[in-house]
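Data first, discussion second: the structure below is written as structure tokens.
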Protein chains: 2
Amino acid sequence: MIDARLITLRVFARCGTIGATAELTGYSPSAVSAQLRELQRVLGMQLLTKDGRGVRLTATGRFLVAGSDPLIAQWESLRAAAMEAGEQVQAHFGIGGFSTAAAQLLAPLAATLRSTRPLLEVQVLEADPARCYDLLIAERIDLAVIVAMQSDAYGEDDPRFEQTVLLDDPLDVIIPANHPLASRTSVTLEELASEPWITESAGSTYHSLFTAAFTAVGVTPRIAHEAVEWETHIAFVGAGLGVGLLPRLAPLHDAENVVRLRITGKGKPVRRIVAAVRRGSIASPLIQESLGILQANADRILTARLETARLEGDQ
Amino acid sequence: MIDARLITLRVFARCGTIGATAELTGYSPSAVSAQLRELQRVLGMQLLTKDGRGVRLTATGRFLVAGSDPLIAQWESLRAAAMEAGEQVQAHFGIGGFSTAAAQLLAPLAATLRSTRPLLEVQVLEADPARCYDLLIAERIDLAVIVAMQSDAYGEDDPRFEQTVLLDDPLDVIIPANHPLASRTSVTLEELASEPWITESAGSTYHSLFTAAFTAVGVTPRIAHEAVEWETHIAFVGAGLGVGLLPRLAPLHDAENVVRLRITGKGKPVRRIVAAVRRGSIASPLIQESLGILQANADRILTARLETARLEGDQ
DNA sequence: GATAACCATGCAAAATAGTTGCATGATCGA
DNA sequence: TCGATCATGCAACTATTTTGCATGGTTATC
């Protein structure tokens with residue numbers, strides 16, 4: 001039960017603009033403006049200053065936002081403990097995640113929760129990892145499934161979140177079905193060093209994983225094409241334009257002219273998928289149950305994919 | 001910035017009835033009822049149960065209220081630190097106390113604050129010590145001046161409050177001006193053992209002080225009359241009905257036929273006057289300034305009274 | 001055992017935030 | 001200089017909250 005206006009201030013501290021705060025919280029810009037003005041009036045503190053065409057937090061504002069982190073955590077902790085002690089049932093539950101996670105992990109989670117907790121209203125939001133963190137702060141969602149990136153501004157020790165590793169999703173190689181190596185069950189990156197590669201645009205989420213894997217084995221791949229969606233990657237490979245990387249969680253569907261191969265040797269690229277919650281809320285029965293379901297589903301999908309791809313899992 | 005509904009729940013936890021909660025918070029009973037119902041809805045917890053003709057907190061409700069104590073304290077602490085760090089000026093300040101304190105300490109405090117902080121809106125509430133604690137919980141006041149009583153349910157270690165001793169207000173003896181001892185500057189309780197005494201009714205706030213002082217010297221006083229207000233005590237003494245005790249802070253005004261004498265020897269009765277604030281808020285600049293003003297005023301009044309009463313102070 | 005007092009709650013009406021959508025002013029980049 | 005971006009003010013609207021009274025259930029009193 002933290003006042004909504006303080007939550008709004010915290011979201012603003014992340015976004016920096018009233019407009020972005022409004023978009024994230026679901027209010028209109030003028031509503032956010034009015035809320036923050038009212039907050040300053042009630043507290044008797046000047047929290048914002050005009051800065052160019054925008055507004056900026058004052059030192060007092062930054063102090064208050066930083067200091068509210070443990071306050072939020074303590075409330076979440078209290079709420080979780082009360083839910084657990086009283087065996088109460090929650091009414092609403094918001095979960096978010098990036099596209100692959102939303103399809104592969106969040107949808108089953110929502111379905112399972114709907115059967116185990118019929119009274120619970122589950123809302124799933126598909127969003128970028130960065131936006132997921134923002135949505136957690138804005139209390140629009142209570143749990144997020146995201147790809148952990150060391151480049152993210154949110155470290156594991158962020159006072160606002162608690163993260164638990166769900167699984168390490170290895171990246172496989174996808175090559176055309178008529179490729180000489182297509183009959184193999186696994187390949188090394190060196191064997192594919194001279195292939196034309198399909199990757200995401202430089203600076204994107206997975207590009208750093210891509211380059212890190214190849215620098216580990218000491219080769220520099222030739223980047224032939226760029227794509228954003230995994231579906232596009234697969235289509236490009238199917239068209240014989242080159243080879244690419246595909247997370248094992250991402251489905252190949254029934255692309256008949258594309259083969260998925262396990263990567264062996266050094267530099268096996270892996271994307272770490274973690275569940276993030278607001279700090280303190282992890283003890284909540286609903287969160288605990290959800291984490292268990294997510295874990296179970298992740299393991300199940302991972303092994304199932306191994307079989308369909310005719311791969312022998314090593315983990 | 002703790003949600004108002006949680007504050008209402010905390011007040012209810014003290015009062016036990018919706019009606020009393022409404023009276024203390026300033027809402028109407030049905031507003032309180034609706035607020036608590038809404039609170040249960042958004043939290044997804046059952047906090048109240050029907051109990052006879054009233055309602056009662058559930059185990060979950062008690063858990064939540066008890067657990068919210070540190071939450072409130074942490075918020076107050078954060079707020080105080082932000083006020084201090086940012087050199088901000090508060091807009092509203094509520095102070096409360098019992099009648100003598102209100103007249104002798106709170107009114108000067110309000111006057112001083114009005115000159116040092118012209119933008120601050122000060123509100124003074126006169127209320128019982130017990131009600132002062134309730135008003136602090138309800139956030140109707142921010143500082144209370146009360147008589148510390150060991151019989152109170154609020155100990156010094158209450159997680160909701162922080163108390164600082166303002167002064168130990170000694171009780172003087174008031175006797176008729178034509179009394180044989182009236183020319184003395186001090187007396188012992190033994191010397192007045194056979195006098196008819198005027199006191200408060202048994203079980204009242206000061207009655208325990210009264211009896212404790214006399215048991216310390218081993219005599220049992222004869223209680224002749226009972227009065228509630230100090231003004232009445234003085235009038236009774238002036239009419240020659242007996243002798244009585246009067247806190248040094250309480251003014252004698254210009255009662256010409258009443259003399260105030262200092263008590264010496266064993267069993268000097270003293271009432272301890274403390275300032276109470278919500279835990280965490282004591283670091284606030286405004287609270288700090290107020291405590292200083294209160295202390296200074298208390299000392300000044302105490303010494304001034306000594307002079308007008310022709311008493312030589314020993315402390 | 002009947003009556004009165006008390007307590008919480010429901011309901012409709014009223015008050016009061018809070019929100020929206022647009023317009024305005026100000027600022028920054030091109 | 002022009003266009004884009006951003007915050008804010010204002011009027012109208014919406015939703016929520018609060019009020020005042022009436023009701024039903026419970027306890028104490030006679």
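- To the nearest angstrom, C1' of C/dC6 lies 16 Å from CD of B/Glu23.
- The salt bridge (charged side-chain N to carboxylate O under 4.0 Å, His left out) analysis of residues 16-31 of chain A, with sequence neighbours excluded, yields the pairs A/Glu23-A/Arg131.
- Direction of the helix axis in the helix from C/dG1-D/dC30 to C/dA30-D/dT1 shifts by 30° between the two five-pair termini, rounded to 10°.
- Residues meeting the side chain to side chain donor-acceptor pair (under 3.5 Å) test with A/Arg117, sequence neighbours left out: A/Glu289.
- Looking at A/Thr58 and A/Gln46, their side chains never bring a donor and an acceptor atom within 3.5 Å of each other.
- In this structure, A/Ile18 places its CD1 atom 17 Å from P of D/dT5, rounding to the nearest Å.
- B/Arg79 is linked by a side chain to side chain donor-acceptor pair (under 3.5 Å) to nothing, counting only residues two or more places apart in sequence or in another chain.
- With sequence neighbours excluded, no residue forms a side-chain contact (heavy atoms from CB on, under 4.5 Å) with B/Ala66.
- In this structure, CG of A/Leu57 is placed 15 Å from C1' of D/dA7, rounded to the nearest angstrom.
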Atom pairs, N/O to N/O, protein against nucleotides 16-22 of chain C, distance under 3.5 Å?
unit_1	atom_1	unit_2	atom_2	d
C/dT19	OP2	A/Gln35	NE2	3.4
C/dT20	OP2	A/Ser28	N	2.7
C/dT20	OP2	A/Ser28	OG	2.8
C/dG21	O6	A/Ser30	OG	3.1

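- As rounded to whole Å, 11 Å separates atom C1' of C/dG10 from atom NZ of B/Lys50.
- Contacts classified as salt bridge (charged side-chain N to carboxylate O under 4.0 Å, His left out) and involving residues 52-70 of chain A (residues at least two apart or in different chains) are given here: A/Arg10-A/Asp69, A/Asp51-A/Arg56.
- Partners of B/Val124 under the side-chain contact (heavy atoms from CB on, under 4.5 Å) rule, at least two apart in sequence or in another chain, are B/Ile95, B/Leu106, B/Ala110, B/Val122.
- Residues meeting the side-chain contact (heavy atoms from CB on, under 4.5 Å) test with B/Arg279, sequence neighbours left out: B/Ala73, B/Glu162.
- Computed from coordinates, the A/Leu36 CG to D/dT8 P distance equals 8 Å when rounded to whole Å.
- Under the side-chain contact (heavy atoms from CB on, under 4.5 Å) criterion, A/Thr211 pairs with A/His207, not counting sequence neighbours.
- Computed from coordinates, the A/Leu9 CG to D/dA7 P distance equals 14 Å when rounded to whole Å.
- Side chains of B/Arg5 and B/Leu36 form no contact here, defined as non-hydrogen atoms less than 4.5 Å apart.
- Remark: B/Glu229 engages no residue in a side chain to side chain donor-acceptor pair (under 3.5 Å) (not counting sequence neighbours).
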**Message:** Does the protein touch nucleotides 22-30 of chain D at the base, only the backbone, or not at all? Give it as B, S and - per nucleotide, heavy atoms under 4.0 Å.
**Reply:** ---BBB---
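- Look at B/Arg37 and you won't find any side-chain N or O under 4.0 angstrom from OP1 or OP2 of C/dA8.
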